[in-house]
Visitor: 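Once you've had a glance at the structure underneath, I'll fire off some questions.
Values reported hereafter were calculated over all heavy atoms of this structure, with side chains retained and with hydrogens, waters and symmetry mates removed. Indexing begins at 1, ligand by ligand and atom by atom, following the structure's order.
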Amino acid sequence: MKTRYIAVTGGVISGLGKGVVTSSLGYLLKAQGYSVTSIKIDPYINVDAGTMRPTEHGEVFVTYDGGETDQDMGTYERFLDVELSKKNNITTGQIYRTVIEKERNLEYGGKTVEVIPHIPQEIKRRIREAANISKADFVLIEIGGTVGDYQSVLFLEAVREMRLEGDDIIYVHVAYLPIPDNLGEMKTKPAQHSIRELNEIGLQPDIFIGRSEKPMDDARKEKISFICNMKKDCILSAPDLNNIYEEPIVLDDEGLTRTLLKKFSLTYKENTLKEWKRFISKIKNLNKKIKIGIVGKYFDIGDFSLEDSYVSVIESIKHAAWHNDHIPVIKWIDSKIFENNPGKLNSLDEFNGLIVPGGFGKSGVEGKILAIKYARENNIPYLGLCYGMQLAIVEYARNICGLKDAHTTEINPKTKHPVIDILPEQKKNIENSNYGATMRLGDYKAKLKKNTKIWELYGKKEDVSERHRHRYEVNPKYINILEEKGMVFSGSSPDRRLMEFMELPGQKYFVGTQGHPEFKSRVLKPHPMFNGLVKAAINKKAR
Ligand code: GLN
């Protein structure tokens with residue numbers, strides 16, 4: 001089958017939920033029996049999301065091949081249950097870097113290298129390359145930003161040229177329909193203008209999806225249809241939902257799947273959403289709650305939503321809670337509170353389970369260590385993700401192994417007991433300020449120890465693999481002493497040099513990993529480590 005492309009643009013405001021619409025659209029096609037991949041285009045100049053603060057840009061999503069990418073890539077993976085390459089996240093920085101490198105290498109044969117045509121050329125090359133790698137029937141291209149922004153014009157130009165050059169591509173425009181309080185009625189004018197903006201650069205959307213607080217009525221659909229030159233069955237409504245995972249069902253009911261397939265002359269199959277519908281109706285009818293606390297540093301957030309910085313962790317908790325027939329109640333706990341006031345630690349008693357997620361830097365670290373100690377001493381189910389595992393080891397070294405000032409050298413380079421340290425080969429890179437090369441990124445294999453909790457959680461498999469994003473590791477010199485005092489390293493790199501998983505056998509549930517399992521949890525397939533946490537949390541609640 002020839003590759004079919006669907007380019008998705010956004011209008012009126014940012015933060016429309018275009019990623020969820022794109023992912024849902026992908027899911028609908030997948031349910032029809034097609035293979036689907038998704039490309040995210042980010043118009044910023046950063047080469048990747050790795051150098052951006054999560055509180056500014058949201059989570060850095062790590063791909064299997066070590067890409068540090070936009071959080072929408074995670075939404076695609078969760079909806080589509082696929083693993084995307086870093087090549088599926090294209091930024092302005094990558095495009096310009098390549099064009100300039102090619103120019104320096106004389107690859108333009110003496111021509112003047114210009115924004116048009118050379119930038120769109122490189123954009124198209126990358127889109128087609130990502131499509132080729134995936135071999136998918138459908139390739140979704142989500143163009144970040146809002147139509148009318150200077151910075152996305154060249155990407156719009158590229159997808160315009162694709163149709164001209166014979167690619168089978170359709171354009172879907174998603175825009176916001178406000179309902180101003182003083183008027184109390186839905187206005188379509190801003191959306192009309194955003195479509196006109198597309199027309200000006202030569203693009204006519206094939207399908208329009210209106211995002212709004214409430215459903216769009218027929219009269220408004222007719223208006224947009226008439227003014228914007230689209231058949232009425234191509235104007236669809238996507239109102240706000242309590243649960244983003246309902247989106248595919250809502251869009252299918254609106255006729256999206258049928259309309260899309262018609263555009264590509266393909267036939268619609270009935271009843272392809274049974275499993276998804278069963279799952280949605282199940283979670284709507286849940287009534288038992290499970291309370292999970294995420295302990296982190298949360299001071300420099302300002303107006304930024306925390307949910308965005310840890311979206312994969314949150315979604316993983318939800319997947320596992322739903323799988324176990326519970327409503328997840330997720331709360332943020334600012335670890336700094338415990339530093340100033342350790343008396344407040346007993347506020348953790350209200351939680352059925354605790355997580356310390358990934359992180360960098362010294363802020364709030366002592367508070368996290370106190371919270372981990374409290375979880376261990378009070379047998380509160382605990383899951384440590386990356387930093388959360390490193391700090392659990394620091395806590396154990398200090399309080400059980402008697403290594404008073406044990407620490408990670410990320411925070412205290414002069415500690416007498418560097419239980420978490422940078423490995424010698426990475427030290428060199430840091431000394432040369434070559435930070436890009438100092439992280440362990442992407443998929444790494446691990447060997448699990450038989451008869452451990454982790455081995456059981458993973459279905460008694462010995463060979464597993466998880467995604468990584470960190471510089472520091474468990475210091476091999478301290479493994480013996482930690483093990484003598486009862487800690488079990490339940491998984492390591494195949495060469496046994498790097499400790500990947502730990503657990504405390506005396507506890508109901510106390511596990512940690514150097515990896516980031518949150519990147520591999522799926523809506524209908526929760527990750528075993530989150531599943532284990534939720535199961536232990538439910539047990540604790542029952543006690
Ligand atoms: N800061 C730690 C390290 O670099 C942990 C990183 C993380 O949690 N992703 O090793």
Visitor: Is the contact between His516 and ligand 1 made by the side chain, the backbone, both, or neither, using heavy atoms and a 4.0 Å cut-off?
Guide: side chain
Visitor: Heavy atom under 4.0 Å from ligand 1: found in Arg469's side chain, backbone, both, or neither?
Guide: backbone
Visitor: Any luck finding a side-chain donor-acceptor pair between Lys535 and Asn324 under 3.5 Å?
Guide: yes
Visitor: For ligand 1 and Gly359, I'd like to know whether there is a polar contact (N/O to N/O, distance under 3.5 Å).
Guide: yes
Visitor: Heavy atoms only: which of Gly384, Pro357, Cys386, Gly515 lies closest to atom 7 (C) of ligand 1?
Guide: Cys386
Visitor: Measure the distance from atom 1 (N) of ligand 1 to every protein heavy atom, then report the residue, atom name and distance (to 0.1 Å) of the closest one.
Guide: Glu410 OE1, 2.6 Å
Visitor: Within the side chain of Lys102, is there an N or O that forms a donor-acceptor pair under 3.5 Å with the backbone of Val99?
Guide: no
Visitor: Under 30°, 30 to 60°, or over 60°: which ring-plane class applies to Trp322 and His319, parallel, tilted or perpendicular?
Guide: tilted
Visitor: Name all residues meeting the side chain to side chain contact (heavy atoms under 4.5 Å, CB included) criterion together with Lys291; count only those two or more places apart in sequence or in a different chain, and write none if there are none.
Guide: Val329, Lys331, Glu350, Phe351, Asn352
Visitor: Identify whether the distance between the nearest side-chain nitrogen and carboxylate oxygen of Glu129 and Lys86 falls below 4.0 Å.
Guide: no
Visitor: Say whether Arg471, considering both its backbone and side-chain N or O atoms, lies within less than 3.5 Å of an N or O atom on ligand 1.
Guide: yes
Visitor: State whether the number of non-hydrogen atoms from other residues, nucleotides or ligands found under 6.0 Å of Lys87 atom NZ is greater than 12.
Guide: no
Visitor: Within less than 4.0 angstrom of ligand 1, does Gln390 place any heavy atom?
Guide: yes
Visitor: How far is atom 10 (O) of ligand 1 from the closest protein heavy atom, and which atom is that?
Guide: Tyr472 N, 2.8 Å
